[in-house]
Structures are given as structure tokens and as C-alpha cells.
Amino acid sequence: MNRPVLYLIATAAGPTQHVDDGVRAAQAAGWDTCLLLTPTAATWWAGSMTELENLTGHPVRHRYTLPGQSGGLPKADAMLVAPLTTTSACKWASGITDIVALGIPAEAVHLGVPVVAAPFWSTALGAQPAVGKAVGTLRSQGVRVVFTDGEPHQPKQGAASEFRWRQALDEVERAVGGGR
């Protein structure tokens, strides 16, 4: 039996330095995990991209393909955008999908694919009015925006290595109805 496919989509927030932990947590939960990164996040892993591809068994996507090219990933059964930054939340909610890490989930939620987003940002950034509006807009479109324990965090106090991957994955399980 094939495992269900999860797209783990990481933006340029501190926990992305530990996205391999998120991949392993998703795999341990039974997901065939594909990884997509924002271009900035991809630069953090540039020297270890092969390691991530070996871990997932799939190409790591961080840019759009050319017309007619395949992205090389199986169809997703669910998506987890984690960690999500304020910048990416605001772009996504505004319909700015200039990067594959935002375009894929922006389209998927309107095609019936369960999409969960787990922010990682400070209370100072989260206090910007545009951020609250973005969260509301994403939720109104059907994105499950969930703040894991400790989020948002106080400025300069985010515990990137302690990001709650399992808690975010539990919300993905709830989004798909546990009927995998």
C-alpha cells in the first residue's frame, strides 16, 4: 500500500534550519514527504540539498519549473506550510504566488487539498495589522492556520530548534480526517 503524500513547505524562518527534523517527524507519522522551500530557505540548505533529497526520496523544489517540465513530485494528499513567516503569510493572502512554495498551497486549498499553516514569528511582527488580516484571509479560504505551543514568541526569543513539528502534523491529521 502506498503511503499518503504530504508536501512540507518551509519558508525562511528559524525552524527551517531543522526542517530535516520535520521531514523525519512526518515520515514517522506515515507520510511520504516531499519538501518545498522558499528561495531564501533553499540557500540555507544549498550545501546539503542532496542530503534532503536522499531523506525524502524526492527532488526538493524551490523554484517553478519551465513550461512542459515535470516538478518530479507525486500528487499531494495534504500540505503543511511550516514554519510560515509573516512575509510569506502576507504574500500568500494577497495572492502573490511568485515562488513555488506559495503558489502550490495557494492553488491546492482551492482544489480541495487540506492545507495547514504553522506560523513562526515574533509578537512584534505579528502585531502588524497586515499580518492579522493575512491570517484571517487564509483561514477564510480554508487554510488551517494553527499556532503551535510557544507561538507567536517574544522578539529574539523564538526557539527554532524546538519547533513543534509533531503538533503541526497532528493538525494535518485532523484536516484529513484521520481517514488515511
Side-chain angles (χ1 to χ4, degrees), residues 1-85 87-89 91-93 95-120 138 141-145 148 160-161 163-173 175-176 180:
M1 182 168 122
N2 291 337
R3 294 180 301 156
V5 175
L6 175 72
Y7 283 11
L8 175 55
I9 303 168
T11 69
T16 298
Q17 299 168 84
H18 309 282
V19 75
D20 53 328
D21 293 339
V23 170
R24 287 185 190 91
Q27 290 170 332
W31 292 97
D32 178 6
T33 309
C34 300
L35 183 60
L36 293 90
L37 302 171
T38 61
T40 300
T43 64
W44 299 356
W45 282 90
S48 302
M49 201 62 74
T50 300
E51 173 188 329
L52 291 175
E53 290 179 346
N54 289 337
L55 178 62
T56 64
H58 300 286
V60 175
R61 297 277 310 274
H62 56 90
R63 64 184 113 142
Y64 281 114
T65 58
L66 295 174
Q69 288 182 328
S70 167
L73 300 179
K75 183 180 176 195
D77 294 299
M79 297 184 187
L80 172 59
V81 183
L84 176 66
T85 62
T87 300
S88 290
K91 285 178 68 172
W92 180 5
I96 301 170
T97 58
D98 58 336
I99 59 174
V100 71
L102 295 180
I104 296 284
E107 183 177 46
V109 72
H110 297 289
L111 294 173
V113 177
V115 178
V116 173
F120 182 86
L138 292 173
Q141 293 177 45
V143 177
R144 289 180 178 229
V145 181
T148 59
S161 65
F163 187 73
R164 306 297 196 274
W165 296 106
R166 185 64 246 173
Q167 189 179 353
L169 288 162
D170 287 346
E171 190 63 32
V172 172
E173 293 290 335
V176 298
R180 297 192 289 129

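What you see is a predicted model, and the numbers here were worked out from it, not measured in a lab. Position 1 is the first residue of the sequence, and the numbers go up from there.
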J.: Between T16 (side chain only) and A12 (backbone N and O only), is there a donor and an acceptor less than 3.5 Å apart?
T.: no

J.: Please name the pair of heavy atoms, one in A117 and one in V143, separated by the smallest distance, quoted to 0.1 Å.
T.: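 Of all heavy-atom pairs spanning A117 and V143, the closest is CB-CG1, 4.0 Å.
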
J.: Show the nearest heavy-atom pair for residues A13 and W44, with the distance to one decimal.
T.: O-CZ3, 3.2 Å

J.: Is a side-chain N or O of T11 found less than 3.5 angstrom from the main chain of P83, in a donor-acceptor match?
T.: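 Confirmed, T11 side chain pairs with P83 backbone.
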
J.: Which residues satisfy the salt bridge (Lys or Arg N to Asp or Glu O under 4.0 Å) test with R144, sequence neighbours excluded?
T.: E171

J.: Can you confirm whether L102 sits close enough to S88 that some side-chain heavy atom of one is under 4.5 Å from a side-chain heavy atom of the other?
T.: yes

J.: Enumerate the salt bridge (Lys or Arg N to Asp or Glu O under 4.0 Å) contacts for residues 29-39, please, sequence neighbours excluded, ordered by first and then second residue.
T.: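 Listed by first then second residue: R3-D32.
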
J.: Can you check whether W165 reaches L8 side chain to side chain, under 4.5 Å on heavy atoms?
T.: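 Yes, their side chains come closer than 4.5 Å.
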
J.: Is there a side chain to side chain contact (heavy atoms under 4.5 Å, CB included) between V176 and D77? Walk through the geometry before answering.
T.: CA-CA 8 Å; V176 298; D77 294 299; 5.9 Å; no

J.: About how many Å separate OG of S48 and CG of L55, when rounded to the nearest 0.5 Å?
T.: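 Taking CG in L55 and OG in S48, the distance rounds to 11.5 Å.
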
J.: What are the two closest non-hydrogen atoms of A175 and V116, and how far apart are they?
T.: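 Smallest heavy-atom distance, with atoms named: CB-CG2, 4.0 Å.
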
J.: Can you pull the salt bridge (Lys or Arg N to Asp or Glu O under 4.0 Å) pairs that have at least one residue in residues 97-120, sequence neighbours excluded?
T.: K91-D98

J.: Calculate, to the nearest 0.5 Å, the distance between atoms CE and CG belonging to M79 and L6 respectively.
T.: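 Reported value, rounded in 0.5 Å steps: 9.0 Å.
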
J.: Output the distance between atom CG (L80) and atom CD (E173), rounded to the nearest 0.5 Å.
T.: 11.0 Å

J.: Can you give me the closest heavy-atom contact between T97 and G103, atom names plus distance?
T.: CB-CA, 3.6 Å

J.: Residues in ring pair (Phe, Tyr, Trp, His ring centres under 6.0 Å) with Y7, at least two apart?
T.: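 If we apply the ring pair (Phe, Tyr, Trp, His ring centres under 6.0 Å) test to Y7, skipping adjacent residues, there are no hits.
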
J.: So do R61 and C34 actually touch side chain to side chain, heavy atoms under 4.5 Å?
T.: no

J.: Between the main-chain N or O of G14 and the side-chain N or O of Q17, is there a donor-acceptor pair closer than 3.5 Å?
T.: yes

J.: Side chains of D21 and F163: does their closest heavy-atom pair fall under 4.5 Å?
T.: no

J.: State the CG-OG1 distance between L84 and T38, to the nearest 0.5 angstrom.
T.: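 The OG1 atom of T38 is 10.5 Å from CG of L84, to the nearest 0.5 Å.
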
J.: What pair of heavy atoms forms the shortest contact from V115 to A108, and how long is it?
T.: CG2-CB, 4.3 Å

J.: Can you confirm whether P59 sits close enough to L73 that some side-chain heavy atom of one is under 4.5 Å from a side-chain heavy atom of the other?
T.: yes

J.: For the residue pair P105 and I9, establish whether any side-chain heavy-atom pair is separated by less than 4.5 Å.
T.: yes

J.: Does T40 offer a backbone N or O that forms a donor-acceptor pair with the side chain of T43 under 3.5 Å?
T.: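 Yes, T43 side chain to T40 backbone: donor-acceptor pair under 3.5 Å.
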
J.: Starting at OG1 of T33, measure out to CZ of R24 and round the result to the nearest 0.5 Å.
T.: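 That separation rounds to 11.5 Å.
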
J.: Between R166 and A29, which heavy-atom pair has the shortest distance, and what is it?
T.: NH1-CB, 3.0 Å

J.: Tell me the salt bridge (Lys or Arg N to Asp or Glu O under 4.0 Å) pairs involving residues 43-52, sequence neighbours left out?
T.: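 Checked against salt bridge (Lys or Arg N to Asp or Glu O under 4.0 Å) - neighbours excluded - no pair reaches residues 43-52.
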
J.: Under the ring pair (Phe, Tyr, Trp, His ring centres under 6.0 Å) rule, collect the residues that match up with W92, sequence neighbours excluded.
T.: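 For W92, no residue satisfies ring pair (Phe, Tyr, Trp, His ring centres under 6.0 Å) once neighbours in sequence are set aside.
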
J.: Any chance you could measure R63, atom CZ, to L36, atom CG, to the nearest 0.5 Å?
T.: 12.5 Å

